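What follows is a single structure, written as structure tokens, with notes after it.
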2 protein chains.
Amino acid sequence: MRTEKGAEVSYSVGQVAGFAGVTVRTLHHYDDIGLLAPSERSHAGHRRYSDADLDRLQQILFYRELGFPLDEVAALLDDPDTDPRAHLRRQHELLTARIEKLRKMAAAVEQAMEARTMGINLTPEERFEVFGDKDPEQYAEEAEQRWGGTDAYAESQRRAASYTKDDWKRMQAEVADWGERYDALMAAGEPPAGQAAMDMAEEHRQHICGWFYECSYELHQGLAEMYVADERFKAFYDSMRPGLAVHLRDAITANAARHSG
Amino acid sequence: MRTEKGAEVSYSVGQVAGFAGVTVRTLHHYDDIGLLAPSERSHAGHRRYSDADLDRLQQILFYRELGFPLDEVAALLDDPDTDPRAHLRRQHELLTARIEKLRKMAAAVEQAMEARTMGINLTPEERFEVFGDKDPEQYAEEAEQRWGGTDAYAESQRRAASYTKDDWKRMQAEVADWGERYDALMAAGEPPAGQAAMDMAEEHRQHICGWFYECSYELHQGLAEMYVADERFKAFYDSMRPGLAVHLRDAITANAARHSG
DNA sequence: GCTTGCACCTCACGTCACGTGAGGAGCCAC
DNA sequence: GTGGCTCCTCACGTGACGTGAGGTGCAAGC
């Protein structure tokens with residue numbers, strides 16, 4: 001019968017801090033507040049973390065990353081009615097929820113860029129939609145009440161943002177040039193799924209890649225939908241030529257399809 | 001010539017706090033430290049936030065969400081060499097990076113669950129891989145140096161975690177039952193892409209859904225790859241019957257394909 | 001005309017999760 | 001035996017606000 005000596009492994013603060021990506025001070029702190037007390041101390045009073053302690057630390061770090069205050073983390077982990085699997089389950093749910101929130105924030109950044117490009121000024125509610133934990137029902141009503149006559153108010157928000165820079169002009173010129181060529185394309189009766197229209201859609205995508213963020217075909221399609229769904233974006237494109245927004249949406253869809261196929 | 005009266009809209013602290021999802025105190029604080037000084041004050045000394053102020057606030061909140069300290073946020077936003085588009089661009093990059101990190105954390109949670117199910121104890125480095133900002137090169141070397149003889153050490157870590165609960169037993173029984181039936185299936189010479197094997201793969205997925213987290217077909221495939229790539233997971237399945245891990249992986253792939261098609 | 005209520009104001013201290021030394025102990029290597 | 005490393009325990013500092021305390025401006029109701 002061999003003794004399982006390796007089973008009694010334990011780690012010093014420095015070691016734990018090392019691979020857990022936290023400072024020694026943090027571990028001291030967790031010890032102080034009773035959140036993570038090492039299950040043993042060495043002869044010299046040094047903290048020794050067991051494998052189970054590491055397990056708990058991992059749970060702590062997950063909850064911390066998810067924004068829980070430490071006392072709540074302690075309450076959660078010390079709840080005898082909750083087994084470890086339940087924690088992992090909950091953490092998984094919270095993580096996916098948080099990912100979803102960040103994806104929405106990324107979308108908000110994309111929208112903000114598009115708005116800037118087209119000189120559209122978003123309303124405050126739109127700007128911060130992704131932040132505050134507003135319930136959307138009292139939303140419109142509140143806006144009406146607070147500033148009475150949302151129409152006039154909203155209209156005033158539509159004015160161009162005035163970020164006049166050097167290359168900003170160049171970009172605007174590019175957009176205008178592209179718009180003229182798209183206008184001509186439609187005048188020539190080119191269909192959205194045709195070669196010429198798809199090339200213009202691709203150029204549109206490249207324009208975003210170059211000036212803004214990395215724009216995948218998938219993301220590009222999302223934007224295309226917004227161009228027809230949101231009145232203001234639609235108005236921007238239709239001002240180049242009536243019906244351009246819808247035509248462009250279809251061209252973008254076709255262009256995406258040809259590149260994914 | 002109409003006067004654009006609507007253009008001079010401005011908002012009180014309460015309004016701004018309302019749709020930005022922050023407290024009034026936070027806005028006071030940002031004013032105190034000079035991060036966001038409202039561009040105007042009312043006759044009574046009340047803060048009045050202009051549209052441009054809201055713009056800046058949005059930037060602040062994005063950077064804050066991304067973990068920047070406020071003084072750095074101020075430095076970034078007050079840098080005259082950086083135009084607004086550059087900020088949005090950077091924010092978009094940081095957001096996608098952060099999403100990626102959270103996706104990895106979710107994967108770590110999944111791995112932790114699988115490990116628990118199979119009685120595998122992960123090594124500390126694996127546990128915290130997703131946290132610390134370790135560079136992976138000095139990784140193995142360091143582990144060797146620190147505990148000398150990683151083999152014996154790692155072996156000691158392989159023992160079963162002892163979370164013996166009530167329904168834990170039931171779950172283990174389910175796994176064992178499933179294992180026996182899969183063994184029989186292979187003994188009967190069923191191919192991975194066959195109906196029977198795919199049904200077992202689907203049952204495997206349902207098992208995860210039931211006991212753990214919502215497991216999509218896509219996610220299930222990711223797990224399947226891990227089962228053959230990681231020696232310990234592979235060993236777990238192959239202990240039911242040699243070659244089972246690979247067979248299962250193929251069955252899971254086939255099952256995913258039939259549901260996505 | 002007066003008070004009540006609401007949203008705003010300015011101090012100013014409290015809190016949470018650590019950061020950052022200060023001063024000292026154990027231990028291995030040269 | 002003397003650096004040098006990691007560990008220890010106070011204990012005060014800090015960043016990003018929270019939380020009253022006490023006072024002002026103003027529209028509505030009595």
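Letters A, B, ... mirror the listed sequences (proteins, then strands); counts begin at 1. As the structure is a computational prediction, the values presented were derived from the model and not from experiment.
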Under-4.0 Å side-chain N/O to phosphate OP1/OP2 contact, [X] with [N]:
X: R47(B); N: dC9(C); result: yes
X: R41(B); N: dT10(C); result: yes
X: S12(B); N: dA7(C); result: no
X: R25(B); N: dT10(C); result: no

Next on the checklist: Measuring centre to centre across the rings, with the benzene-like ring taken for any Trp, is F62(A) within less than 6.0 Å of F68(A)?
Outcome noted: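 Aromatic pair excluded; centres sit 6.0 Å or further apart.
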
Item to check | Position toward the 5' end of DNA chain D (nearest nucleotide), A44(B) or D71(B) | outcome: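 Looking at DNA chain D, the more 5' nearest nucleotide goes with D71(B).
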
Next on the checklist: Could you walk me through whether R116(A) and D83(B) satisfy the salt bridge (Lys or Arg N to Asp or Glu O under 4.0 Å) test, starting with their C-alpha distance in whole Å, then the side-chain angles of each, then the deciding distance to 0.1 Å, before giving a yes or no?
Outcome noted: CA-CA 12 Å; R116(A) 265 194 167 72; D83(B) 70 317; over 6 Å; no

Specify the separation, in whole Å, of atom [atom1] of [X] and atom [atom2] of [N].
X: Y49(B); N: dC8(C); atom1: OH; atom2: C1'; answer: 12 Å
X: D31(A); N: dA17(C); atom1: CG; atom2: P; answer: 16 Å
X: L27(B); N: dC8(C); atom1: CG; atom2: P; answer: 10 Å
X: H29(A); N: dC16(C); atom1: NE2; atom2: C1'; answer: 7 Å

Next on the checklist: Both T26(A) and H43(A) contact DNA chain C. Which one's nearest nucleotide lies toward the 5' end?
Outcome noted: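 Closest to the 5' end, via its nearest nucleotide, is T26(A).
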
Next on the checklist: Categorize T23(B) for me: base, sugar-phosphate, or nothing, with a 4.0 angstrom heavy-atom threshold over every strand shown.
Outcome noted: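 Here T23(B) touches the backbone only, sparing every base.
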
Next on the checklist: What range of DNA chain D does chain B touch, first nucleotide to last, counting atoms under 4.0 Å from its heavy atoms?
Outcome noted: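 Result: dA16(D) to dC26(D).
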
Item to check | Chi angles and distances behind the side-chain hydrogen bond (donor to acceptor under 3.5 Å, both in side chains) call for S10(B), S50(B) | outcome: CA-CA 5 Å; S10(B) 68; S50(B) 75; over 6 Å; no

Checklist entry - Counting only heavy atoms not in E40(B), do more than 12 sit closer than 6.0 Å to its CD atom? => result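 Not buried by this count: 12 neighbours or fewer within 6.0 Å.
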
Checklist entry - Checking salt bridge (Lys or Arg N to Asp or Glu O under 4.0 Å) for the pair R47(A)/D53(A): CA distance, chi angles, key distance, verdict? => result CA-CA 11 Å; R47(A) 290 169 179 82; D53(A) 295 337; over 6 Å; no

Next on the checklist: Would E100(A) and R103(A) count as a salt bridge (Lys or Arg N to Asp or Glu O under 4.0 Å) here? Give the steps.
Outcome noted: CA-CA 5 Å; E100(A) 194 46 38; R103(A) 292 202 340 91; 3.5 Å; yes

Checklist entry - Do Q111(A) and E126(A) get their side chains close enough for a donor-acceptor pair, meaning under 3.5 Å? => result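 No, no side-chain donor-acceptor pair sits under 3.5 Å.
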
